[in-house]
Number of protein chains: 2
Amino acid sequence: MNHLYSKYPKHFHAVDCIIFGFDIAEKELKLLLIKRSFEPALGEWSLAGGFVREDESLDDAACRVLCTLTGLSELYMEQLYTYGEISRDPGARVISTAYFALIGIHELDPEIRKSNGAYWCSLSEIPDLIFDHRKMVDRALKELVEKVKVYPVGFELLPEKFTLVQLQNLYEAIYQRQVDKRNFRKKILSMNLLEKQEDKERETSKKGAWYYRFNEEKYKELTRNGFFFNLVVS
Amino acid sequence: MNHLYSKYPKHFHAVDCIIFGFDIAEKELKLLLIKRSFEPALGEWSLAGGFVREDESLDDAACRVLCTLTGLSELYMEQLYTYGEISRDPGARVISTAYFALIGIHELDPEIRKSNGAYWCSLSEIPDLIFDHRKMVDRALKELVEKVKVYPVGFELLPEKFTLVQLQNLYEAIYQRQVDKRNFRKKILSMNLLEKQEDKERETSKKGAWYYRFNEEKYKELTRNGFFFNLVVS
DNA sequence: TTATTTAAATGTAATATATACACTTCTAGT
DNA sequence: ACTAGAAGTGTATATATTACATTTAAATAA
């Protein structure tokens, strides 16, 4: 007997990862891009991607791609959208599921990065990307803006310890607009999710800025009690 | 020469549609479910689905499934999520992209519905569904709640002309809680998106309730000028 | 030691938005 | 003309958001 589904066609399935990082010094969001080392589109810029294997789920495939590229596991990652246009890949029909990931730039070893042909690219200077990767990036950016408004995912882009100035710079980079310093601090501090540390960041000012740490457990507890994170500010 | 991608595996790819309707009389959200007429899981309840063909995009496949089932085109539909667990379908590995659709119950011809083995099912009485379809429904419900808060998509579930009471009933069904009548009306009317008609709905009360119509053009125009729809009410 | 410089830190008043809440109106049917 | 039942309406209070300018801390230079 034929297999139940044998009359239906099969398709290649890829995953592509939109990987964001935040450059604290330059106060800029960055995107991790790959200089392709294989056909088609050899030498062109693309997102990190790979084909889904028979023995792995979609999520596993995305993790594998991300992990192979960065040497990091346990990153923040989320499925974004699946692109299924017939001719999106000129090589063959490939359906691709895009994932977006947030990583601390400092966590990614530059040696590993270089050896994989990956480069951090400012959002304002994204080169032409292959296929529909630009569409993926644009969708991911929109999603990022919406996410950081109501979920505390921005912290994934910062080191464990960060200053309020850095956090505000991050939000300004994502929102692409200035936000009011006092209102921003008032709002984030009123949520009681940040723990003030006993040391200061002393690189960027004489006075120094207090380090804070995001308390994940507190967030989870508050959430169970109906709390909603919100960092929409003027 | 082998094809570029020939070393990679291919996969079956399905689409599944979560189709919501709103029963005005019963003030209840409903889900369109299929009694399966084929293996595997013959006789069990499932979402409307189908395999993606070689000559159609994912979106096209979802439209085809929806159109075949309902006889309707031009429905509100949106990609929801792609489910890629290896063993989600016991018949074979099938990756499935879920779409959610909103339709006016009144628009669906009962004859067409029945002939396709489809039934409207109250949200409170969803039977066991095959595979991971219940997960899909749950995700779609969450998405629906978030969507109607900030986009005027609820109107897709109502006829062209509807009363404010009906609109409020719809929101109450989606939010699964009561909302304040005066605040609800104040808020929706203050957006200037509804046009009061000259006739009344006279089935449910002696007094009759004015019909309104959603003005799509006005919405688009306001949106261009930075307006944001918002119908979060107490 | 004092003055200067630079970024960090802080509070309040005004405005806008969200909420809580109960009675009146309309009309078909008796 | 009375009744019944759903539609329709407004205001006061509380909460959240916004706008905005000075002081503090500490290193460095005078």
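Residue numbering restarts at 1 for every chain, and letters A, B, ... go by the order of the sequence lines.
For Phe162(B), the ring-ring contact (aromatic ring centres under 6.0 Å, His included) partners are Phe155(B), not counting sequence neighbours. With sequence neighbours left out, Ser124(B) forms a side chain to side chain contact (heavy atoms under 4.5 Å, CB included) with Glu28(B), Ser122(B). Looking at residues two or more places apart in sequence or on another chain, you find a ring-ring contact (aromatic ring centres under 6.0 Å, His included) between Phe184(A) and Tyr171(A). With sequence neighbours excluded, no residue forms a ring-ring contact (aromatic ring centres under 6.0 Å, His included) with Tyr212(A). Under the salt bridge (Lys or Arg N to Asp or Glu O under 4.0 Å) criterion, Glu78(A) pairs with Lys147(A), not counting sequence neighbours. Arg139(B) pairs by the side chain to side chain donor-acceptor pair (under 3.5 Å) definition with Tyr83(B), not counting sequence neighbours. In terms of the salt bridge (Lys or Arg N to Asp or Glu O under 4.0 Å) criterion, residue partners of Arg213(B) (sequence neighbours excluded) are, by chain and number, Glu160(B).
Residue contacts shown for Thr163(B) are absent, as no nucleic acid heavy atom lies under 4.0 Å away.
Counting only residues at least two apart or in different chains, ring pair (Phe, Tyr, Trp, His ring centres under 6.0 Å) contacts with residues 105-151 of chain B comprise Trp45(B)-Tyr119(B), Phe131(B)-His133(B).
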Every protein N/O within reach of nucleotides 2-5 of chain C N/O, cut-off under 3.5 Å:
| unit_1 | atom_1 | unit_2 | atom_2 | d |
| --- | --- | --- | --- | --- |
| dT5(C) | O2 | Lys206(A) | NZ | 2.8 |

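Rounded to whole angstrom, the span from the NZ atom of Lys181(B) across to the P atom of dT24(C) amounts to 15 Å. Spacing between atom OH of Tyr211(A) and atom P of dA9(C) amounts to 12 Å, rounded to whole angstrom units. Rounded to a whole Å, the CG atom of Asp180(A) is 14 Å from the P atom of dT10(C). Atom pair Phe162(A):CZ and dA8(C):P shows a separation of 15 Å (rounding to whole Å applied). One can place CG of Leu231(B) at 15 Å from P of dT17(C), the figure rounded to the nearest angstrom.
Using a 4.0 Å cut-off between charged nitrogen and carboxylate oxygen, Lys218(B) and Glu221(B) do not count as a salt-bridge pair. The pair Arg134(B)-Asp138(B) meets the salt-bridge criterion, with a side-chain N (NZ, NE, NH1 or NH2) lying under 4.0 Å from an Asp/Glu carboxylate O.
Contacts of residues 185-200 of chain A with DNA chain C (heavy atom under 4.0 Å): Arg185(A), Lys186(A). Taking every heavy atom of residues 164-174 of chain A and every atom of DNA chain C, pairs under 4.0 Å involve Val165(A), by number.
A pairwise comparison of heavy atoms in Ala25(B) and Asp23(B) identifies N-OD1, 3.1 Å as the closest pair. Of all heavy-atom pairs spanning Arg88(A) and Asp16(A), the tightest one is NH2-OD2, 4.0 Å.
If you walk DNA chain D from 5' to 3' and mark each nucleotide with an atom closer than 4.0 Å to a heavy atom of chain B, the marks span dA4(D) to dT11(D).
Judged by closest nucleotide on DNA chain D, Tyr212(B) is the one of Tyr212(B) and Ser205(A) placed further toward the 5' end. Heavy-atom nearest nucleotides on DNA chain C were determined for Arg182(A) and for Glu201(A), and the one closer to the 5' end corresponds to Glu201(A).
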Quick one: do Ser234(A) and Asp180(A) satisfy side-chain hydrogen bond (donor to acceptor under 3.5 Å, both in side chains)? Show the steps, please. CA-CA 6 Å; Ser234(A) 61; Asp180(A) 183 273; 5.3 Å; no
